[in-house]
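The model shown is predicted, which means the values in this text are computed figures rather than measured ones. Positions are given from 1, in the same order as the sequence printed here.
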Amino acid sequence: MVKTFSLTEKENKLTRACDTHFSEFTDPTGGYNQPGSFDSTGCCFTREDGQRSGFSPHEVAGLISSLEAKDVIWIEDRHPSEGPSLYWLTEDFINFIASQNK
């Protein structure tokens with residue numbers, strides 16, 4: 001059974017800050033094996049991606065906290081020499097998106 005998620009409009013918009021084509025997700029059991037889910041950007045975004053999506057730094061921070069609490073994302077904290085932290089969509093969320101596209 002696919003886990004369901006209830007997101008606000010802003011949360012939904014931030015999940016799309018990654019460069020993944022959610023319309024290609026059609027297998028509700030496929031997780032990270034969805035078509036197009038691991039191109040050069042993968043199923044993740046950065047704070048900067050969120051700001052490019054039109055959110056202020058404060059909004060991005062609040063939305064990230066909310067998405068993590070809802071198990072929509074998991075956070076990969078990286079050393080500053082490796083680049084910014086990455087906010088990965090969870091497999092459960094990817095499968096939820098796929099179930100919505102069926």
**OP:** I would like to know whether K3 and D71 meet side chain to side chain contact (heavy atoms under 4.5 Å, CB included); could you show each step before the answer?
**Re:** CA-CA 10 Å; K3 182 177 178 179; D71 294 323; 3.4 Å; yes
**OP:** Applying side chain to side chain contact (heavy atoms under 4.5 Å, CB included), run through Y87 and R47 and close with a yes or a no.
**Re:** CA-CA 8 Å; Y87 305 98; R47 287 181 184 262; 3.1 Å; yes
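Judged as a side chain to side chain contact (heavy atoms under 4.5 Å, CB included), and not counting sequence neighbours, the contacts of Q100 are F96. E11 pairs by the salt bridge (Lys or Arg N to Asp or Glu O under 4.0 Å) definition with K70, not counting sequence neighbours. In this structure H58 satisfies the side chain to side chain contact (heavy atoms under 4.5 Å, CB included) test together with S56, sequence neighbours excluded. Partners of E9 according to the side chain to side chain contact (heavy atoms under 4.5 Å, CB included) rule, which considers only residues two or more places apart in sequence or in another chain, do not exist here.
From I73, atom CD1 reaches atom CG of L67 across 5.0 Å, with rounding to the nearest 0.5 Å. Separation of atoms OG1 (T8) and NZ (K13) is listed at 11.5 Å; rounding is to 0.5 Å. Note that CD1 of I97 and CG of N12 are 6.5 Å apart. Values are rounded to the nearest 0.5 Å. Taking OG of S53 as the start and CZ of R16 as the end, the distance is 11.0 Å to the nearest 0.5 Å. From T90, atom OG1 reaches atom OH of Y32 across 6.5 Å, with rounding to the nearest 0.5 Å. Expressed to the nearest 0.5 Å, how far OG of S99 lies from CG of D27 amounts to 10.5 Å.
N101 places a side-chain N or O within 3.5 Å of a backbone atom of F22 that can act as its donor or acceptor partner.
Considering all non-hydrogen atoms of both residues, N95 and G30 come closest at OD1-N, 3.3 Å. Closest approach of V60 to L14, counting heavy atoms only: O-CD2, 4.3 Å. Between F45 and D49, the shortest heavy-atom contact is CA-OD2, 3.4 Å.
Ring geometry for W74 against W88 counts as parallel: the plane angle stays under 30°, on a 0 to 90° scale with 60° as the upper cut.
Residues in residues 55-66 take part in these salt bridge (Lys or Arg N to Asp or Glu O under 4.0 Å) pairs, two or more places apart or across chains: K10-E59. Screening residues 72-92 for salt bridge (Lys or Arg N to Asp or Glu O under 4.0 Å) gives no qualifying pairs among residues at least two apart or on separate chains.
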